[in-house]
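The structure presented is a predicted model; accordingly, all values stated were derived computationally and were not measured.
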Amino acid sequence: MRKSILLLTAFFLVQLASQAQSYSQRMGLTAMHLWPDSFSVVPGKPARWSYDQGVILKGIEGIWQATGDPRWFNYIQHSMDYYVEEDGSIKDYEPDTYNIDHVNNGKLLLTLFRVTGKEKYKKAVLKLREQLRTHPRTLGGGFWHKKVYPYQMWLDGLYMGQPFYAEFAQVFGEDSIFNDVTRQFVLMEKNARDPATGLLYHGYDESKQQQWANSKTGVSPHFWGRALGWYGMALVDALDYFPPDHPGRKELIGILSRLAAAVVKVQDPATGMWFDIVDLPKRKPNYTESSATAMLAYTLAKGVRKGYLAAAYQATAQKAFNGLVSYKLSKSNGFTNLEGTVSVSGLGGKPYRDGSFDYYMREKVVQNDPKGMGAFILAANEIEMIPGLVNGQGKTILLDNFFNNEWRKGAGGQQERWHYTWNDRSNGGYAFLGSLFEQQGARLQSLEQAPHTADLKDAAVYIIVDPDTEKETAHPNYMSDQSAAQIEDWVKKGGTLVLLANDAGNCDIQHLNILAERFGIRFNEDNQLMVKNNDYEMGRVNIQPGNIIFKNAKNVYLKEISSLNLYKPAVPVLRSGNITAMAVARYGKGTVFALGDPWIYNEYVDGRKLPLQYENFKAAGDWVNWLLKTSVSKPKK
C-alpha cells in the first residue's frame, strides 16, 4: 500500500513538473521527487539532520509565499516532521558536537511554529537556541565552525547560524541577540577580508595553528565561490529580522555593500557565472560553479529588492541567473536538473583538506546537489519577482497599529503586538499580505501612534483594520475628529486609504465611521455572509467580468462582514446579492477602499484552510496590484 501511494505521488509530481512555468517551481518539484519523505544526501543511505535540506526548504517556503499553494507548505512540514517528535526532540541531532551546520534547519522550525503554533516546534527551536548559548567561541566572540575545528570561523557558518539566531531574537524577544549577530558578521569581515580585492577568504583560524592557515593572518589560501555565497545570503536573510533602528543593521548593510562591490568584479563576463575559485578564472581546471552563482544572484537580487544595494546590482543578478539557465540546466524523466555543483569543500578534517587550489579542484562536481538546488530555487524566487517590482518601487505601505492595538504574551514571555500585524504569521496575521506587497517592491511600515500629517506624508497606502473594542483592548484608541481630518487631508493630496472593518460586536464601527463618512461610506453594524461551520459556499462572492480591481480572480470568500451604505463620491465594486461588500471613493487626488472585514489575513490566503476553489490568494494579488497602481509614489528624501 505504501509503495502504491509513493508511485501515485511520483506520477502527479511528473504531471506538475511538466506544467510548471517558473524555474523555481520546476526545481522545487525535482527536490520533492528526489526526497519525498526524508532527506539523505546520498540516496539509499539513512536520512540525516542536514543543513542541505534547510536550503531547499527555505526556497520552497518562498514558492509557497509566491503561490499560496499549500502543497509547498505541506512538504516543508512533512519533511521536518520526520525528525521532530512531539516532545521537541530532534532525530539525529547531536548538540554536543557543537556543529553550527546543525542550526540551519531551525529556520524551518521557526516557520512551522510561527504558522501553526504547535508546541513541538517551539521546543525543538529552543534546543537549537540552547546550543548557541554554550557553543564554543573564538577569543573575539565568534562561533567556532565545529567543536572539532577549534578557534575557526568559516564563511559557511554565518549562513548556518545567524539568520536563525536573528529570527529567534525577533520571535522570542531576546533583543540582545542582535548585538551578537552583528558581532559575528563584523568579526568575519575583519579577519577574513582581503584589503586588496575586498573578497573574503573561505575561513580563518584565530590560533594560526592549522596547516592551511596563513601564519600571520590565519586566513585560508583562497576565495571559494560558495563560501562567498553563504556569507552573502546570511547577510540579506539576517537583515529581515533586525529592528529598523538597531545600529547593527547599518553595519550589516555596509558589509553587504562591500561584498557586492567585490564579487561583481570577478563575475565571468562571458557566462555571468562565478568560478569555483572566483579570482582565478584562467587557471585550469577551474570551472563555473552553480551553487556559488545561485547564492550570489540571490544575494544581489534580494539586496536590491530590500533597498540595501544600488539598483544596478539587479542586472548583475539577472545575468548570473541567465547563465545558470543557459549552461547548467538539463532535463530527464520530465524533471529539471541542476548540473555543475561541487558536492563539498572544507578545511582541515580527516583526510586533511589543505585549502590549496588543487584540493578544491579534486572535490566532485555533481548533478542535483541539494545545496545548489536550494540556492537555485532561492535565486529563482527573487529573479521571478523582478518584472513586478516596478509596481511598488518607492512606495511605503503603512499599517495602523494604533486603532488596532492588541497585545499578547509572545513565545519568550515578552509582550508583543499581534492580530493583523506584518510580523504575525499565525492565522490572524498579515504576514502573507505583507509578502505580497514586498513581492512587488513595496516597503512595509507600521504606525504605533495616532496618525498625523508627518506620519502619513511618505506613505503611499495607509491601512486601518479592525479598530479595537473594549473587549479586545483595555483602553482602546478611538478614531477622533482630529485624526480623521488629518487622514482626509492626506487622501485629498493623493494618499490611498484602506478601511477594513469587521462584523458587529468585533470592531469599533461607531468611531471608524467618523472617518469613513467623510468619503461617502458608512459601515453598518450588522453581520452578513454568516458561514456555518465549514460550509464555505455560504461565503462565496462571485466577481463579475470587468471589475476594476479583480482582473484574475473569479470569486472571493468573505465571512461575517459588515455591509456598506454608500453615497457620493463612493461607489460599489463588489456586491453579494443586495449587500454592498466593497466600495471605492475617489477623493481629491486620492482613493479610499472599504470592506467590512479584515479579509486577507493569513488564514484565508495561505492555502492551509480555505479550499483552493475559493480564490482569495489570487484576489489578494489583484487587490495589492490595484492598490499599488492606484497609489502615488512618495519616496523618502
Side-chain angles (χ1 to χ4, degrees), residues 65 170 236 239-246 249-250 253 301-311 314 382 385-405 417 420-424 429-466 483 486-500 515 549 584 587-594 598 600-601 620-637:
Q65 292 174 323
Q170 184 190 82
V236 293
L239 278 164
D240 284 342
Y241 309 106
F242 263 68
D245 56 351
H246 192 283
R249 180 181 174 85
K250 184 177 180 180
I253 292 173
K302 183 174 179 179
V304 172
R305 178 173 64 84
K306 300 287 280 188
Y308 311 140
L309 295 175
Q314 188 180 86
E382 287 293 334
M385 291 183 209
I386 288 176
L389 295 181
V390 66
N391 295 334
Q393 189 172 17
K395 297 184 178 181
T396 297
I397 313 303
L398 186 63
L399 178 62
D400 166 65
N401 283 168
F402 178 74
F403 302 110
N404 172 53
N405 185 33
R417 294 180 186 274
Y420 316 127
T421 63
W422 294 135
N423 284 340
D424 188 355
Y430 270 169
F432 234 79
L433 173 63
S435 176
L436 288 174
F437 277 116
E438 289 190 316
Q439 287 171 36
Q440 297 209 39
R443 302 278 185 269
L444 306 179
Q445 286 187 8
S446 301
L447 184 60
E448 299 178 358
Q449 66 263 11
H452 293 91
T453 302
D455 301 313
L456 300 174
K457 66 182 178 65
D458 293 324
V461 179
Y462 177 41
I463 302 173
I464 299 176
V465 54
D466 191 27
S483 292
Q486 297 200 50
I487 296 169
E488 178 188 9
D489 184 61
W490 170 78
V491 172
K492 189 182 295 184
K493 292 177 180 177
T496 296
L497 174 66
V498 174
L499 300 177
L500 301 174
L515 174 62
I549 296 176
V584 167
Y587 192 81
K589 296 180 180 179
T591 304
V592 179
F593 172 91
I600 29 65
Y601 45 94
D622 285 341
W623 184 65
V624 165
N625 188 53
W626 178 81
L627 286 173
L628 290 172
K629 289 184 175 179
T630 301
S631 62
V632 178
S633 180
K634 297 182 179 181
K636 290 186 177 181
K637 294 181 181 179

>> Would Leu456 and Ile487 count as a side chain to side chain contact (heavy atoms under 4.5 Å, CB included) here? Give the steps.
In response: CA-CA 8 Å; Leu456 300 174; Ile487 296 169; 4.1 Å; yes
Heavy-atom pair of closest approach, residues [X] and [Y]:
X	Y	value
Ala459	Leu398	CB-CB, 3.9 Å
Arg249	Leu239	NH1-O, 3.6 Å
Trp422	Ser446	CD1-OG, 3.4 Å
Ala460	Val632	CB-O, 3.4 Å
Asp458	Thr396	O-CB, 3.8 Å
Ile549	Val584	CD1-CG2, 4.2 Å

[X] [atom1] to [Y] [atom2] distance, which is reported to the nearest 0.5 Å:
X	Y	atom1	atom2	result
Gln314	Glu382	CD	CD	10.0 Å
Phe403	Ser483	CZ	OG	4.5 Å
Asn405	Asp466	CG	CG	12.0 Å
Asn625	Thr630	CG	OG1	9.0 Å
Ile463	Phe593	CD1	CZ	10.5 Å
Ile464	Leu500	CD1	CG	9.5 Å

So does [Y] get a backbone contact from the side chain of [X], meaning a donor-acceptor N/O pair under 3.5 Å?
X	Y	answer
Arg417	Asn401	yes
Lys395	Ser631	yes
Asp455	His452	yes

> So, Lys302 and Asp240, do they make that salt bridge, N to O below 4.0 Å?
Replying inline: yes
>> Gln486 vs Thr453, test: side chain to side chain donor-acceptor pair (under 3.5 Å). Steps then yes/no.
In response: CA-CA 6 Å; Gln486 297 200 50; Thr453 302; 3.1 Å; yes
> After noting the C-alpha distance and the side-chain angles of Ile397 and Gln445, does the key distance pass the side chain to side chain contact (heavy atoms under 4.5 Å, CB included) rule?
Replying inline: CA-CA 6 Å; Ile397 313 303; Gln445 286 187 8; over 6 Å; no
Can you tell if the side chain of [X] reaches within under 4.5 Å of the side chain of [Y], non-hydrogen atoms only?
X	Y	result
Tyr420	Asp400	no
Leu447	Phe402	no
Leu399	Tyr462	no
Thr591	Trp626	yes

Using atom types as modelled, flag every donor-acceptor pair under 3.5 Å from a side chain in residues 429-438 to any protein atom, sequence neighbours excluded.
unit_1, atom_1, unit_2, atom_2, d
Tyr430, OH, Pro598, O, 2.8
Ser435, OG, Gln439, NE2, 2.9
Glu438, OE2, Lys306, NZ, 3.1

>> Go through it in stages, so that I can follow the logic: the residues are Lys493 and Lys589, the test is side chain to side chain contact (heavy atoms under 4.5 Å, CB included), and I'd like the CA-CA distance, side-chain angles, deciding distance and then a yes or no.
In response: CA-CA 5 Å; Lys493 292 177 180 177; Lys589 296 180 180 179; 5.9 Å; no
>> Leu497 vs Leu515, test: side chain to side chain contact (heavy atoms under 4.5 Å, CB included). Steps then yes/no.
In response: CA-CA 11 Å; Leu497 174 66; Leu515 174 62; 4.0 Å; yes
